[in-house]
There are 2 protein chains.
Amino acid sequence: MLKDSGSKITHNVAQNLRRVRGERKLSLDGASQLTGVSKAMLGQIERGESSPTIATLWKIATGLQCSFSSFLGNTATTHENSQESSQETSNDTSALQPQVELIADPNMQVLTLFPFDPLTSFEVFELVLSHHHEQHSTAHQAGVTERIHVISGVLSVMQNGQWETLKAGEQCVLAADKAHAYRDDAGETRFMAIIHYPQ
Amino acid sequence: MLKDSGSKITHNVAQNLRRVRGERKLSLDGASQLTGVSKAMLGQIERGESSPTIATLWKIATGLQCSFSSFLGNTATTHENSQESSQETSNDTSALQPQVELIADPNMQVLTLFPFDPLTSFEVFELVLSHHHEQHSTAHQAGVTERIHVISGVLSVMQNGQWETLKAGEQCVLAADKAHAYRDDAGETRFMAIIHYPQ
DNA sequence: TAGCTTTGTGCGTTATAACGCACAACATTT
DNA sequence: AAATGTTGTGCGTTATAACGCACAAAGCTA
């Protein structure tokens with residue numbers, strides 16, 4: 001009668017241990033001596049008949065001088081002998097959409113990441129400014145907010161006549177019902193804009 | 001009579017589990033329901049009286065939605081993060097806000113780009129998955145949508161039991177009211193998530 | 001061939017991981 | 001106070017991880 005060997009993680013540990021031991025050309029006896037875990041237990045783990053405790057897997061890892069996590073990953077990445085058949089790459093269904101590109105200006109590229117959706121009331125763009133281009137935007141309708149997240153480069157944002165500088169990883173929120181502007185201050189600046197419309 | 005509680009790794013797991021459960025404000029009963037592990041066992045593990053099997057630690061990790069390896073590290077490295085108050089970081093004025101970091105897992109970094117705002121009904125995170133970490137997410141309330149935009153790396157997204165692969169620059173929309181999951185397939189994957197709540 | 005290692009697996013026993021249940025301490029309510 | 005609910009821990013039982021030992025198959029030596 002098999003135990004809980006069906007567990008996915010147990011199977012991974014089994015394959016990894018067998019692989020490591022094979023690479024070092026160690027016998028169960030040798031591995032047992034290095035790790036302090038009985039060879040019977042090591043054999044059961046390799047066969048997937050036993051799910052070791054973290055304490056014993058720790059003894060195995062330190063004894064064999066490899067990291068704990070090296071036993072957890074799927075062996076499919078390192079070796080190509082898995083029969084799990086969980087390689088699914090269905091490309092249809094209502095999910096992935098390629099980005100749509102909108103031209104606007106030679107020094108300003110606009111990619112529509114998520115078009116406007118009345119259910120969410122926002123749209124998302126990714127903008128790339130280059131050559132220190134300064135883009136001015138007129139006031140939109142009241143209540144419209146704009147969230148800026150700088151991906152790379154340096155972006156200066158103007159609002160209420162004041163300029164602020166955002167580095168990569170920084171963001172700001174501005175009310176788009178006033179005049180505002182952006183400027184690339186790094187030669188090329190990439191940032192994301194989430195524009196939300198009220199109600 | 002004490003068991004093998006002296007093991008260093010067991011003690012680490014104990015502290016990490018207690019910390020994570022405390023951060024989520026979960027009771028042993030609640031954690032037991034999420035993970036499928038009895039609350040008595042969870043209590044013993046937290047007290048260092050038991051060295052869990054990798055199978056059960058896997059159930060704990062997936063149930064609490066953090067990676068296996070997050071329980072192995074020493075808690076001394078994780079600093080105190082007091083994130084109790086619902087402070088809004090002054091969303092008025094166009095002041096730039098530095099990104100707020102939320103710790104969750106060594107293999108999953110979460111940056112809050114824009115915290116939830118009742119006026120817009122969405123929040124924006126930037127997530128970095130590493131080491132082929134697979135992050136599972138349970139079903140949220142009905143009507144919640146999640147927009148994913150891959151910045152770098154390769155992200156596999158599971159919905160309705162089907163996996164789809166997104167490369168850098170691609171995006172997808174998924175209904176978050178069903179169980180879904182993400183997985184890093186490039187060693188390190190950076191992507192943005194916009195979560196929108198209805199009404 | 002026989003005799004001696006080395007390899008991995010099977011078996012019986014012990015230690016303990018994991019479970020369900022019950023109880024005590026504390027908080028909240030009536 | 002009494003009643004009710006929640007939280008964490010202790011206890012008895014079951015499942016199984018881990019051990020030591022023994023055995024069978026393969027390999028090497030003489």
Side-chain angles (χ1 to χ4, degrees), chain A residues 1-64 68 71-72 75 81, chain B residues 1-64 66 68-69 71-72 75 84:
Chain A
M1 185 61 175
L2 287 180
K3 302 167 183 178
D4 84 314
S5 60
S7 179
K8 160 184 150 192
I9 181 80
T10 301
H11 194 244
N12 282 3
V13 172
Q15 289 191 321
N16 281 312
L17 175 56
R18 176 158 285 176
R19 177 181 52 81
V20 171
R21 192 172 64 87
E23 287 171 0
R24 314 257 172 113
K25 295 184 169 57
L26 283 171
S27 65
L28 285 179
D29 253 323
S32 172
Q33 222 165 347
L34 285 175
T35 60
V37 178
S38 70
K39 74 171 183 177
M41 181 84 290
L42 293 176
Q44 287 186 17
I45 293 172
E46 281 193 359
R47 278 172 262 142
E49 295 175 10
S50 179
S51 180
T53 60
I54 58 170
T56 58
L57 188 55
W58 177 263
K59 294 202 295 185
I60 294 172
T62 54
L64 298 182
F68 196 103
F71 289 99
L72 307 177
T75 52
N81 61 349
Chain B
M1 173 175 165
L2 287 180
K3 303 168 184 179
D4 85 315
S5 60
S7 178
K8 158 187 151 193
I9 181 81
T10 301
H11 194 245
N12 282 3
V13 172
Q15 289 190 320
N16 281 313
L17 176 56
R18 177 159 284 177
R19 176 182 53 82
V20 171
R21 190 172 66 86
E23 287 173 0
R24 313 263 172 105
K25 295 182 168 54
L26 283 171
S27 64
L28 286 179
D29 253 323
S32 172
Q33 219 163 349
L34 285 175
T35 60
V37 177
S38 71
K39 75 171 180 177
M41 180 86 294
L42 294 174
Q44 288 186 17
I45 293 172
E46 281 193 358
R47 278 173 262 139
E49 296 176 8
S50 180
S51 180
T53 311
I54 58 169
T56 59
L57 188 55
W58 177 263
K59 294 204 295 186
I60 294 173
T62 55
L64 297 182
C66 33
F68 196 102
S69 52
F71 289 99
L72 306 178
T75 50
E84 293 291 338

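Bear in mind that the values here come from a model prediction, so they are computed numbers and not experimental data. Protein chains get the first letters and strands the later ones, always in sequence-line order, with residue 1 at the start of each.
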* Output, in order, the C-alpha distance, side-chain angles, deciding distance and verdict of side-chain contact (heavy atoms from CB on, under 4.5 Å) for L28(A) and E46(A). => CA-CA 10 Å; L28(A) 285 179; E46(A) 281 193 359; 4.2 Å; yes
* Structure fact -> From CD of Q33(B) across to P of dT7(D) the rounded distance in Å is 11 Å
* Structure fact -> The side-chain contact (heavy atoms from CB on, under 4.5 Å) partner of I60(B) among V20(B), V37(B), V13(B) is V37(B)
* To do: Please state whether the phosphate of dA17(C), meaning OP1 or OP2, lies under 4.0 angstrom from any side-chain nitrogen or oxygen of S50(B).
  => yes
* Taking side chain as C-beta onward, heavy atoms only, is L57(A) less than 4.5 Å from L17(A)? -> no
* To do: Would you kindly give the CD1-to-C1' distance between I54(A) and dA18(D), to the nearest whole Å?
  => 16 Å
* Using the test side chain to side chain donor-acceptor pair (under 3.5 Å), find all partners of T53(B) that sit at least two apart in sequence or belong to another chain. => none
* Asked: Short question: side chain of R21(B), backbone of N16(B) - any donor-acceptor pair under 3.5 Å?
  -> no
* To do: Check the distance between dT16(C)'s C1' and M41(B)'s CE and give it to me in whole angstrom.
  => 9 Å
* Structure fact -> Rounded to whole Å, CD1 of I45(A) lies from P of dA17(D) at a distance of 9 Å
* Which letter, B, S or -, goes with each nucleotide of nucleotides 5-15 of chain C from 5' to 3', with contact meaning a protein heavy atom under 4.0 Å? -> --SBBB-----
* Is the shortest side-chain N/O distance from T53(B) to OP1 or OP2 of dA17(C) below 4.0 Å? -> no
* Asked: So, the side chain of T56(A) versus the backbone of P52(A): is there a donor-acceptor pair under 3.5 Å, distance only?
  -> no
* Asked: I45(B) and R18(B): side-chain contact (heavy atoms from CB on, under 4.5 Å), yes or no, with the steps?
  -> CA-CA 9 Å; I45(B) 293 172; R18(B) 177 159 284 177; over 6 Å; no
* Has the side chain of T35(A) got a donor or acceptor atom that lies under 3.5 Å from a matching backbone atom of K59(A)? -> no
* **Base-paired stems in DNA chain D, each at least three Watson-Crick or G-U pairs under 3.5 Å** => C:4-6 with D:25-27, C:8-30 with D:1-23
